[in-house]
Number of protein chains: 2
Amino acid sequence: MLELRLLAALDAVARTGTFGAAAAELGYTQSTLSQQVAALERQVGGAVFDRPGGARRPRITPLGRLVLTQARTLLAADVAARDAIDRFHAGAGRVDVGTFQTVTNVLLPTVVDRLRVEHPDADIRLFEDETDEPPIDLLDLAFLDVPGPDDADHVEVFRDEHVVVARRGAFPPGPVPLADLHGRAMVALPPICDQAVVEAALARAAVAPDIVFRTVDNQGITSMVRAGLGAAVMPVLSVWGQRHDDALSFHRLEPAVPDRVVQVVSRGTLSPLAMRLRELSVEAGQHLVRDLAAADGSGDIAGREGAHPPGTS
Amino acid sequence: MLELRLLAALDAVARTGTFGAAAAELGYTQSTLSQQVAALERQVGGAVFDRPGGARRPRITPLGRLVLTQARTLLAADVAARDAIDRFHAGAGRVDVGTFQTVTNVLLPTVVDRLRVEHPDADIRLFEDETDEPPIDLLDLAFLDVPGPDDADHVEVFRDEHVVVARRGAFPPGPVPLADLHGRAMVALPPICDQAVVEAALARAAVAPDIVFRTVDNQGITSMVRAGLGAAVMPVLSVWGQRHDDALSFHRLEPAVPDRVVQVVSRGTLSPLAMRLRELSVEAGQHLVRDLAAADGSGDIAGREGAHPPGTS
DNA sequence: CCCCAGTATCGCCTGATGCGATCATCATCA
DNA sequence: TGATGATGATCGCATCAGGCGATACTGGGG
């Protein structure tokens with residue numbers, strides 16, 4: 001295996017013309033350069049320089065020319081490699097992020113924007129995967145609303161209260177008793193991830209709604225509710241865009257079902273870029289919760305007044 | 001500066017999955033591999049593998065992935081380089097050869113043919129330079145009919161007798177006394193290289209021909225002789241192609257002028273390919289001389305009978 | 001609770017590596 | 001022709017990097 005140290009010596013001698021000058025350039029003594037070139041010559045099986053003797057300068061041999069071209073390729077690759085590593089530490093590079101609708105809509109726009117300001121050359125890729133087994137091994141970070149693998153690292157980003165979304169008039173103003181959902185026509189997300197958690201909570205309370213339609217699309221849910229197909233239990237941030245829709249009403253549940261917990265999950269060491277993205281996500285999550293709390297009491301969500309805002313538990 | 005040794009360790013661990021297997025593959029012990037990876041991590045400023053502990057295998061980090069791609073580039077360049085060096089020793093590569101008319105016509109066809117049989121991928125380039133200062137520094141080998149620089153290596157390829165070429169009937173059969181050329185109309189090559197040597201020899205003998213035409217082209221000389229413009233003194237191999245031309249007669253000179261000495265000149269260490277080309281040239285030169293001697297006595301050259309053939313002195 | 005499959009660490013030894021000093025060679029110039 | 005200077009080679013020495021073997025450490029699984 002060739003040694004870059006020796007190839008650098010060859011290159012320096014070829015460029016400077018003498019062993020002594022090359023040594024000075026590389027910070028060695030002439031004697032060391034002499035030995036390095038000799039070692040290289042042993043390795044490549046022939047002289048790379050003719051030493052005419054006396055005060056005459058060494059002249060490169062055909063073999064030396066060949067080795068020199070190869071050496072320069074290798075040395076260039078070396079500096080390119082170290083450069084890439086430096087840029088990595090400076091935060092450049094690529095980060096693959098798994099996400100889902102709510103996060104994509106309410107959290108990531110801010111996060112991605114800030115990260116791109118800090119690292120304009122960053123390569124941020126989002127994957128909105130519809131399966132319930134997120135391949136976090138192929139990603140740097142994954143946003144999840146259910147716990148990831150045990151051996152993965154979890155960082156909570158925000159908590160998201162579940163509310164009843166109904167056609168205005170379907171429920172009286174104020175909180176909805178959980179038992180009122182029993183037997184009621186409802187629309188829902190597919191029973192995976194957070195939705196599975198919600199349905200399990202309902203089942204534990206012996207509440208069995210009549211789910212008449214399922215879709216993966218948050219907007220599809222509210223559209224169906226608006227059309228009178230049924231009510232829905234949704235994380236509040238999933239329907240935040242419709243909070244001023246007069247055709248809909250929002251109600252707290254009593255007793256509440258557990259909040260949706262949105263976390264960033266990762267496995268192993270993170271790149272600086274991924275680390276920063278996670279930090280920004282947590283910050284943005286806190287802002288989100290604060291904004292939500294500020295909007296609280298405006299009457300958008302019936303029965304919400306005086307309640308603790310989500311995310312402060 | 002990165003070390004290929006450590007990059008190979010990284011690559012091996014990444015491929016085999018464990019330090020131990022990588023060590024076995026590379027012929028080290030596990031402890032050594034552990035130290036090598038640790039050294040690499042110190043150099044790149046971060047972990048390249050997460051070691052989960054216990055029986056679980058190490059997992060590459062984002063930094064590790066980056067370094068690995070760079071490492072594979074470098075390692076590939078390393079094998080490519082060593083491969084090129086091996087092929088060089090096996091005789092592949094390029095050889096630049098300086099030549100001139102006679103050598104191109106009577107010697108190199110054989111030599112190049114044989115060399116290409118031995119090394120089909122050899123890149124043989126011929127340069128027929130018209131200046132009298134051959135840039136042997138830019139060539140691997142140069143054929144010359146005059147001595148090259150003092151510090152260059154000279155190997156004689158063949159000697160070439162000077163003969164008088166005349167229109168048939170211009171001279172009586174048999175050798176031409178040198179003095180007969182005095183004042184005679186003659187055609188000649190430009191007074192450089194061997195021609196300068198010939199003219200110096202004539203001048204030393206106080207013979208001053210009347211040179212009525214000069215051209216660099218050997219065929220141009222014989223054409224002019226045939227047309228009756230005058231006689232010529234030429235190395236026999238330069239006019240060998242016209243030896244059966246009935247319009248011409250060939251005569252030895254008495255006393256002879258010195259033979260033209262064709263040599264291969266080089267400076268410094270030769271590549272295996274250049275070395276072989278020089279060897280083949282010497283062999284081909286000997287064959288040439290032998291063929292010439294065999295053709296001797298056929299009467300093609302008047303006055304040549306019984307003379308020593310050129311090249312045997 | 002022990003064992004297994006992994007890695008890390010310690011102490012030791014050898015050889016590689018760099019240095020300083022000195023030598024040898026040859027061109028140049030007085 | 002002899003001194004000088006520029007150049008690379010070589011020698012001996014000190015240091016330390018790199019490899020090894022043994023052993024400790026870790027966590028999962030029987």
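All values reported here derive from a predicted model rather than from experimental measurement. Lettering of chains follows the sequences in order, A, B, ..., and the numbering in each one begins at 1.
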(message) Ignoring hydrogens and geometry beyond distance, is a side-chain donor-acceptor pair present between A:Glu25 and A:Thr16 at under 3.5 Å?
(response) no
(message) For the residue pair B:Thr269 / A:Asp50, report whether a side-chain donor-acceptor contact shorter than 3.5 Å exists.
(response)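 A pair is found: one side chain offers a donor N or O, the other an acceptor, under 3.5 Å apart.
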(request) Walk me through it: do A:Cys193 and A:Phe100 pass the test side chain to side chain contact (heavy atoms under 4.5 Å, CB included)? (result) CA-CA 11 Å; A:Cys193 301; A:Phe100 56 91; over 6 Å; no
Expected output is a numbered-order residue list: members of [range] with a heavy atom under 4.0 Å from any atom of DNA chain D. What is it?
range: residues 25-38 of chain A; result: A:Gln30, A:Ser31, A:Ser34
range: residues 47-60 of chain A; result: A:Arg51, A:Gly54, A:Ala55, A:Arg57, A:Pro58
range: residues 8-22 of chain A; result: A:Thr18, A:Phe19, A:Gly20

(request) Supply the atom-to-atom distance B:Asp194 CG to B:Leu189 CG, rounded to the nearest 0.5 angstrom. (result) 8.0 Å
(request) List the steps, then state whether salt bridge (charged side-chain N to carboxylate O under 4.0 Å, His left out) holds for B:Arg82 with B:Asp78. (result) CA-CA 6 Å; B:Arg82 281 181 297 154; B:Asp78 172 64; 2.8 Å; yes
(message) For a 4.0 angstrom threshold against heavy atoms of chain B, report the outermost contacting nucleotides of DNA chain D in 5' to 3' order.
(response)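 Boundary nucleotides touching chain B, in 5' to 3' order, are D:dG18 to D:dG28.
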(request) Any strand is fair game: report the nucleotide pairing with C:dT22 by Watson-Crick or G-U wobble, both distances under 3.5 Å, or none. (result)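 The answer is D:dA9, by the H-bond criterion.
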I'd like to know if the side chain of [X] and the backbone of [Y] have a donor-acceptor N/O pair within less than 3.5 Å.
X: A:Glu199; Y: A:Ile192; value: no
X: A:Gln36; Y: A:Leu10; value: no
X: B:Asp11; Y: B:Arg72; value: no
X: B:His119; Y: B:Leu273; value: no
X: B:Thr99; Y: B:Leu126; value: no
X: A:Glu41; Y: A:Val48; value: yes

(request) Take A:Asp140 and B:Arg65, measure what salt bridge (charged side-chain N to carboxylate O under 4.0 Å, His left out) needs, and give me the verdict at the end. (result) CA-CA 12 Å; A:Asp140 295 290; B:Arg65 263 193 297 279; 3.8 Å; yes
(request) Take B:Val67 and B:Leu7 through the side chain to side chain contact (heavy atoms under 4.5 Å, CB included) test and state the conclusion after the steps. (result) CA-CA 8 Å; B:Val67 177; B:Leu7 299 180; 4.2 Å; yes
(message) So which atom in B:Ala77 and which in A:Leu74 form the shortest heavy-atom distance, rounded to 0.1 Å?
(response) CB-CD2, 3.7 Å
(message) Applying side-chain contact (heavy atoms from CB on, under 4.5 Å), can you list everything that pairs with B:Gln30, at least two apart in sequence or on another chain?
(response)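 Residues passing side-chain contact (heavy atoms from CB on, under 4.5 Å) with B:Gln30: B:Phe19, B:Ser34.
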Please tabulate, one pair per line, each protein N/O and nucleotide N/O from nucleotides 14-16 of chain C that are separated by under 3.5 Å, including the distance.
none

(message) Rounded to whole Å, please give me the gap between CZ in B:Arg42 and C1' in C:dT9.
(response)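 The answer, rounded to whole Å, is 13 Å.
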